[in-house]
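Reviewing the structure listed below.
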Amino acid sequence: MGPSGGGRGKFLTDEELKNKPKVTWALLKRVMSYLVPYWKQMLLVLMAISLSAILSLAPSVLTGQIIDRGLIGRDFTLLLELVGLSLLVTLGANLIGVSESYLNTWIAQHITFDMRCKMYQTLQNQSQSFFTTNSQGDLITRMTSDIQGVQRVITDTLSSILSNSITLVVAVVAMLRMDYRLAIVGMLVIPFFIIPTRKAGKMRWTLTREAQAAADTINGILNETLSVSGQLLVKLFGREKYEYDKYVAANQKQIRLNIRESMAGRWLRVALSTFSSIGPMLLYLVGGYLIISGTESLSVGDITVFVALLGRMYGPVDRLLNIQVDWIRSMALFSRIFDYYDMPVDITEDEHPVVLPSVSGNISFKGVDFTYDGSRQILHDISFDILRGRSVAIVGPSGSGKSTIINLIARLYDPTAGSITLDGTDLRRLSLSQLRKHVGIVSQETYLFNGTIRDNLLYAKPDATEDELLEACRQANIADLISSQPNGLDTIVGNRGLKLSGGEKQRISIARIILKDPTILIFDEATSALDSISEAKIQQAIEPLIESHTSILIAHRLSTILSADNIIVVKDGRIVESGTHATLVDAGGVYSELYHTQFKGTEPTK
């Protein structure tokens, strides 16, 4: 038998070559640290691989005895014993192989479990800016494909290095001990397997990459045209035939590449099959000459053993020669994972966090500056106070920094200068869990988990009773909708709540906040994307909450903040005005301009 495999995936892509990790002792030590807790199991795996490799070669050695002493010696009893022993050894090797496979899988699963948990915890600890600047797909890839690749590294790459190395060493030692000359003759054939394998492998890898690109094109077409929005667009513009023709063309290209890839592997197998006969033929030729010349004590059985051992040697040689690619990919995999583990956490809890005995809800901004990336400043010297139980509206043009202010209150970000205090204590010194327990935000983009209304409400208060749930829904003005559903609170809302209207989702999010019952309530553009009827229902739900909590209102629609105790006007990241509605309208500034634009229909003040 020649070396297994046809070279698929045995060569690095241009991107992989460009981003090859620098393999250092520190990196190796860190990789090995994940194996250390399971060193006992790893030791058993090594013992199992070694024993399995030795036992798997035993039948080849016994074959010589079967031929010389059993068949040529015409000793049937001995023949029966040797055949039985060969079968038992083979069975033993296979059983040990099963045990080794189980242990290997067990170790791999536990290591990936550890790494997944650490990755999830690492991502959970990141600040909001991390999730706004990094691709969600990239995060999911780290959590799934990359860590799943670690399992393959342990079960395939590491196991392959150990088993092939041990098998090769045992086979070479056995051959050299029997006859070093025949061993050298057999090893001279190895280059005949390496050269065609690597050449055909390069061709197949190129075809594989092209086929993958074609598959990506097909997936892109399917994702775009079979989604709800994409399919609607196709129908409205009558582009069904165009999209079908494009799909057929991409499909045909992939089929042609798949056929070429398959045939490249077939021709390789033909070449390997041809070369695989050269080694045994040379051994028969040289060994036969030595036997016939009568100058050596070699037997027919010895030659047979050499041929069998040579066959067992070819595969490990090929796999070890190509293991460099798997090794580089493995190190790159660990490097990408470790890069995420080592990412700094922007929002950290104080080493000795302050836990307030009670939270009143007094908020104070003092000289707060904020920048997202160190160069683009969003807020400039923001200072204001919100007293317990009072309501403040923050208004201003789009992009003026309104939402940034409320994100700072929830400590989704930290100010780059200045301070924000809650009841006189800097937010950076407070316990994060306590702070966020007392801050509730209803945003414009309501997020509901794919489950029931009950599931989404219980997210705020897992131990809420049925009466509490229904009362929260009543206060949020959503009770009528729920009672009209056949399954009531157990109605499925769909992915991101797509089975509900915008107003319905928003009212459920308000019910969720009511259940949380925070000290500080923040409404961030809660009605800006809704129709007038939905807006009115939400206004009815919000007003009682504003009266009973420290409240912050952010809105483009000034109708939602007219009753606020104080109005803060923000423009270009600065507070330019503050006061009541009446005083700000009379002042003739930015607020007056916004008010007259929205309510009076006049041109903005120049």
Side-chain angles (χ1 to χ4, degrees), residues 122-136 138-139 339-356 359 361-387 392-441 443-445 518 520 522-525 550 552-554 566-578 590:
T122 298
L123 295 177
Q124 287 281 60
N125 289 335
Q126 291 299 320
S127 67
Q128 193 68 12
S129 61
F130 172 83
F131 295 98
T132 57
T133 56
N134 287 277
S135 163
Q136 183 181 10
D138 191 47
L139 302 185
D339 284 345
Y340 264 61
Y341 286 170
D342 297 336
M343 287 184 301
V345 178
D346 297 332
I347 305 299
T348 57
E349 190 167 76
D350 192 275
E351 187 175 349
H352 302 290
V354 174
V355 179
L356 300 175
V359 176
N362 296 302
I363 301 170
S364 179
F365 276 63
K366 296 180 181 178
V368 170
D369 290 351
F370 179 76
T371 175
Y372 280 111
D373 52 16
S375 59
R376 185 171 58 93
Q377 192 160 352
I378 307 300
L379 298 179
H380 306 262
D381 193 25
I382 298 294
S383 298
F384 65 88
D385 295 315
I386 307 174
L387 300 180
V392 170
I394 303 176
V395 301
S398 296
S400 58
K402 303 185 298 297
S403 294
T404 302
I405 291 174
I406 65 168
N407 286 334
L408 292 173
I409 294 174
R411 211 181 164 213
L412 299 176
Y413 305 94
D414 278 338
T416 50
S419 66
I420 307 169
T421 61
L422 174 62
D423 293 345
T425 303
D426 193 302
L427 297 187
R428 287 167 289 200
R429 296 193 58 217
L430 284 174
S431 161
L432 269 174
S433 60
Q434 185 187 42
L435 171 64
R436 290 173 181 168
K437 176 184 177 182
H438 288 278
V439 176
I441 299 178
S443 62
Q444 176 184 351
E445 297 181 4
I520 302 163
I522 300 173
F523 295 95
D524 184 10
E525 308 283 9
T550 301
I552 302 168
L553 308 170
I554 294 183
N566 187 38
I567 299 173
I568 295 173
V569 184
V570 181
K571 184 178 181 181
D572 298 327
R574 301 179 186 273
I575 295 178
V576 294
E577 295 176 311
S578 66
V590 176

Measure the spacing between CG of N407 and CD1 of I522 and express it to the nearest 0.5 Å. 8.5 Å

Between K402 and V570 (side chain of the first, backbone of the second, donor and acceptor by atom type, cut-off under 3.5 Å), is there such a pair? no

Excluding sequence neighbours, so at least two apart, what forms side-chain contact (heavy atoms from CB on, under 4.5 Å) with N125? Q121, V345

Would you check, one step at a time, whether the test side-chain contact (heavy atoms from CB on, under 4.5 Å) holds for D346 with D414? CA-CA 8 Å; D346 297 332; D414 278 338; over 6 Å; no

Atom pair CE (M343) and CG (L123), whose distance is rounded to the nearest 0.5 Å: 6.0 Å

In Å and rounded to the nearest 0.5 Å, what is the CG to CG distance from N566 to L553? 11.5 Å

Going by the rule side-chain hydrogen bond (donor to acceptor under 3.5 Å, both in side chains), which residues pair with Q124 if we only count those two or more places apart in sequence or in a different chain? Y120

Residues in side-chain hydrogen bond (donor to acceptor under 3.5 Å, both in side chains) contact with S578, at least two apart in sequence or another chain: none

Looking at K571 and V590, what are the two nearest heavy atoms and their distance? CD-CG2, 4.0 Å

side-chain hydrogen bond (donor to acceptor under 3.5 Å, both in side chains) involving T348 - partner list, sequence neighbours excluded: none

Of the non-hydrogen atoms in R411 and I347, which two are nearest, and what is the gap between them? O-CG2, 3.7 Å

Exam field: side chain D385 to backbone S364, donor-acceptor pair closer than 3.5 Å: no

Please examine the side chains of I363 and V392, heavy atoms only from C-beta on, and report whether any two atoms are closer than 4.5 Å. no

With sequence neighbours left out, the residues meeting side-chain hydrogen bond (donor to acceptor under 3.5 Å, both in side chains) with D339 are none

Donor-acceptor pair, distance only, cut-off 3.5 Å: does the side chain of T371 make one with the backbone of R376? yes

Judged by atom type as modelled, is there a donor-acceptor pair below 3.5 Å linking the side chain of Q434 to the main-chain atoms of V355? no

Whether F384 and F365 hold their rings parallel, tilted or perpendicular, with breakpoints at 30° and 60°: parallel

Note: D426-R428 ion pair, threshold 4.0 Å (strictly below): yes

With rounding to the nearest 0.5 angstrom, report the CD1 to OG distance, I568 to S383. 10.0 Å

Any chance you could measure I409, atom CD1, to I520, atom CD1, to the nearest 0.5 Å? 7.0 Å

Using every non-hydrogen atom in the two residues, find where R436 and A410 come nearest and quote the distance to one decimal. NE-O, 3.2 Å

Are L408 and L379 packed together at the side-chain level, in the sense that at least one heavy-atom pair is separated by less than 4.5 angstrom? yes

Which heavy atom in D381 sits nearest to a heavy atom in D369, and how many Å separate them? N-OD1, 2.5 Å

Listed partners of F370 passing ring pair (Phe, Tyr, Trp, His ring centres under 6.0 Å), at least two apart: Y372, Y413

Ignoring hydrogens, what is the shortest heavy-atom contact between I382 and G573? Give both atom names and the distance. CD1-O, 3.4 Å

dist I552:CD1 -> I386:CD1 (nearest 0.5 Å) comes out at 3.5 Å

